[in-house]
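Accompanying notes for the structure given below.
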Protein chains: 2
Amino acid sequence: MTSIRNVQNTHISEQLRQLHGALIDIVSVMNRPQRDEAMVRAAGIALDRALFPLLVGIERLGPIGVVEMADRVGRDHTTVSRQVAKLESLGLIERKGNATDRRVREATITAKGKAMTDLVDAAREKMARAIFASWDERDFEELVRLMRKFADDMKRDVSGDD
Amino acid sequence: MTSIRNVQNTHISEQLRQLHGALIDIVSVMNRPQRDEAMVRAAGIALDRALFPLLVGIERLGPIGVVEMADRVGRDHTTVSRQVAKLESLGLIERKGNATDRRVREATITAKGKAMTDLVDAAREKMARAIFASWDERDFEELVRLMRKFADDMKRDVSGDD
DNA sequence: CCTCAATATGTGTATTGTGCACATAATAGG
DNA sequence: CCTATTATGTGCACAATACACATATTGAGG
């Protein structure tokens with residue numbers, strides 16, 4: 001192995017560590033005393049901390065079953081089963097059996113639930129616009145493109161050899 | 001407001017939604033049955049699920065106090081206090097009072113703890129290299145740069161008006 | 001120098017969240 | 001048809017978490 005190659009490898013390792021650090025910071029901010037929850041609470045609605053990611057996920061990915069959702073959030077399917085049931089009883093989502101596979105009971109967001117995620121989305125967008133206000137357009141577009149690409153390749157890789 | 005401006009605003013909103021979607025996917029993968037934990041478990045060591053993010057955080061950010069760490073992970077400081085105490089009793093971190101402020105007991109990773117995070121880091125780097133194998137160098141460098149910038153601006157913004 | 005609000009850490013205790021063992025229903029493939 | 005696999009769900013014990021409260025220290029004013 002040439003020393004040039006070593007340098008490059010070292011450089012990539014450093015870059016990867018940088019990237020991981022940035023991801024930690026981002027997740028850290030997203031974890032803050034649950035900004036979303038605080039938001040909604042301020043709007044007069046209360047929702048258990050644990051239910052929020054699920055509601056958002058169902059809005060984004062629905063109709064979606066319990067198992068797939070559990071895989072997404074990294075929790076046991078029984079845990080998610082209970083939480084989804086709670087969201088249903090609150091009228092924030094509804095479920096109906098899938099036509100072709102009657103084992104799955106797909107969850108979809110209701111108007112009431114959507115009203116809630118819309119509030120949160122608006123708050124998030126406002127925050128995001130503040131963050132990107134000082135960015136030039138090229139960088140912004142590039143971030144979106146590369147982040148999307150990264151997420152896709154990550155998913156592909158994980159499902160591939162796992 | 002001109003219609004051109006509307007189009008731009010709509011475009012940005014779409015981009016932001018894209019970005020948020022990508023972030024959800026990324027966090028989703030990072031949440032998988034705790035890849036890290038599974039890794040370490042495979043290496044013969046067992047560590048409570050909840051302790052892992054803290055150990056990694058202390059390795060990255062240490063020396064660091066309980067309150068700041070709690071802020072990072074979005075948990076109550078009392079919860080983190082107990083978890084850090086557990087990490088200490090396991091010999092994975094150590095703590096010493098800060099010289100100038102004797103209220104804080106800063107946590108630092110030990111050799112034993114470092115050995116553990118090194119294992120995980122190696123696994124993560126391997127995974128990351130697989131993901132980026134098909135990327136051209138420019139895109140990769142740009143992703144790192146922009147992600148770091150994004151994380152920094154995000155932090156700045158949050159601490160600013162919160 | 002003294003007082004008091006603010007900050008960092010920690011303990012007791014009740015509640016919530018979570019996973020495992022297990023069960024049922026439906027599907028898919030010999 | 002059987003049988004292995006998959007999706008969902010319940011009972012239960014335990015882990016994780018937050019709230020109320022306590023102690024020690026700091027720092028800013030008076």
Side-chain angles (χ1 to χ4, degrees), chain A residues 31-38 41 46-58 61-90 93-108 159 162, chain B residues 31-38 41 46-58 61-90 93-108 159 162:
Chain A
N31 278 343
R32 292 296 159 105
Q34 268 56 40
R35 298 191 78 70
D36 295 347
E37 192 198 12
R41 206 176 280 280
L47 188 63
D48 293 335
R49 202 164 6 100
L51 298 185
F52 226 96
L54 282 187
L55 185 64
V56 173
I58 290 168
L61 310 166
I64 185 174
V66 168
V67 169
E68 191 184 338
M69 202 62 216
D71 193 47
R72 287 267 175 179
V73 297
R75 296 271 166 275
D76 194 85
H77 79 271
T78 62
T79 301
V80 174
S81 173
R82 280 176 246 265
Q83 290 170 334
V84 169
K86 202 178 284 182
L87 284 175
E88 189 179 19
S89 75
L90 290 170
I93 64 160
E94 52 187 14
R95 307 163 86 185
K96 56 172 180 131
N98 179 298
T100 60
D101 185 342
R102 289 184 309 176
R103 286 172 304 182
V104 315
R105 295 181 56 206
E106 292 172 331
T108 319
S159 58
D162 225 34
Chain B
N31 278 343
R32 293 296 160 104
Q34 268 56 41
R35 298 192 77 72
D36 294 347
E37 191 199 11
R41 205 177 280 280
L47 188 63
D48 293 335
R49 199 164 14 94
L51 299 184
F52 227 96
L54 284 187
L55 186 63
V56 173
I58 290 169
L61 310 166
I64 185 173
V66 168
V67 168
E68 191 185 338
M69 202 62 214
D71 193 48
R72 286 265 176 181
V73 297
R75 298 270 168 275
D76 193 86
H77 79 271
T78 62
T79 301
V80 174
S81 174
R82 280 176 244 265
Q83 290 170 335
V84 169
K86 202 178 287 182
L87 284 175
E88 189 179 19
S89 75
L90 290 170
I93 64 160
E94 53 187 12
R95 308 163 84 186
K96 56 172 179 129
N98 178 300
T100 62
D101 186 342
R102 288 184 310 176
R103 288 173 303 180
V104 315
R105 296 180 58 205
E106 292 172 331
T108 318
S159 59
D162 225 36

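Protein chains get the first letters and strands the later ones, always in sequence-line order, with residue 1 at the start of each.
- Here CG of L51(A) is found 9.5 Å from CD1 of I58(A). Values are rounded to the nearest 0.5 Å.
- L47(B) is listed as a side-chain neighbour of L90(B), based on a closest heavy-atom distance under 4.5 Å.
- The salt bridge (Lys or Arg N to Asp or Glu O under 4.0 Å) check on E88(B) picks up R95(B), R105(B), with sequence neighbours excluded.
- Rounding to whole angstrom units, CG of residue D71(A) and P of dT8(D) are separated by 12 Å.
- To the nearest 0.5 Å, the span separating CD1 on I64(B) from CD1 on I93(B) amounts to 11.0 Å.
- For the contact set between residues 97-105 of chain A and DNA chain D, defined by any heavy atom under 4.0 Å, the members are R103(A), V104(A), R105(A).
- At whole-Å resolution of the value, CD in E106(A) and P in dA26(C) are 16 Å apart.
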Between side-chain atoms of residues 78-87 of chain A and protein atoms elsewhere (two or more places apart, or another chain), which donor-acceptor pairs fall under 3.5 Å?
unit_1, atom_1, unit_2, atom_2, d
T78(A), OG1, D76(A), OD2, 2.7

Original post:
In B/S/- notation, 5' to 3', how is nucleotides 13-20 of chain D contacted by protein heavy atoms closer than 4.0 Å?
Top reply: ---SSBBB
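- Across all their heavy atoms, P53(B) and A50(B) have their closest contact at CD-O, 3.5 Å.
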Can you name the atoms? Protein N/O to nucleotides 2-5 of chain C N/O, anything below 3.5 Å, with the distance.
none

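- Remark: D101(A) engages N98(A), R103(A), V104(A) in a side-chain contact (heavy atoms from CB on, under 4.5 Å) (not counting sequence neighbours).
- Rounded to 10°, the helix from dC1(C)-dG30(D) to dG30(C)-dC1(D) has 40° between the axis fitted to its first five pairs and the one fitted to its last five.
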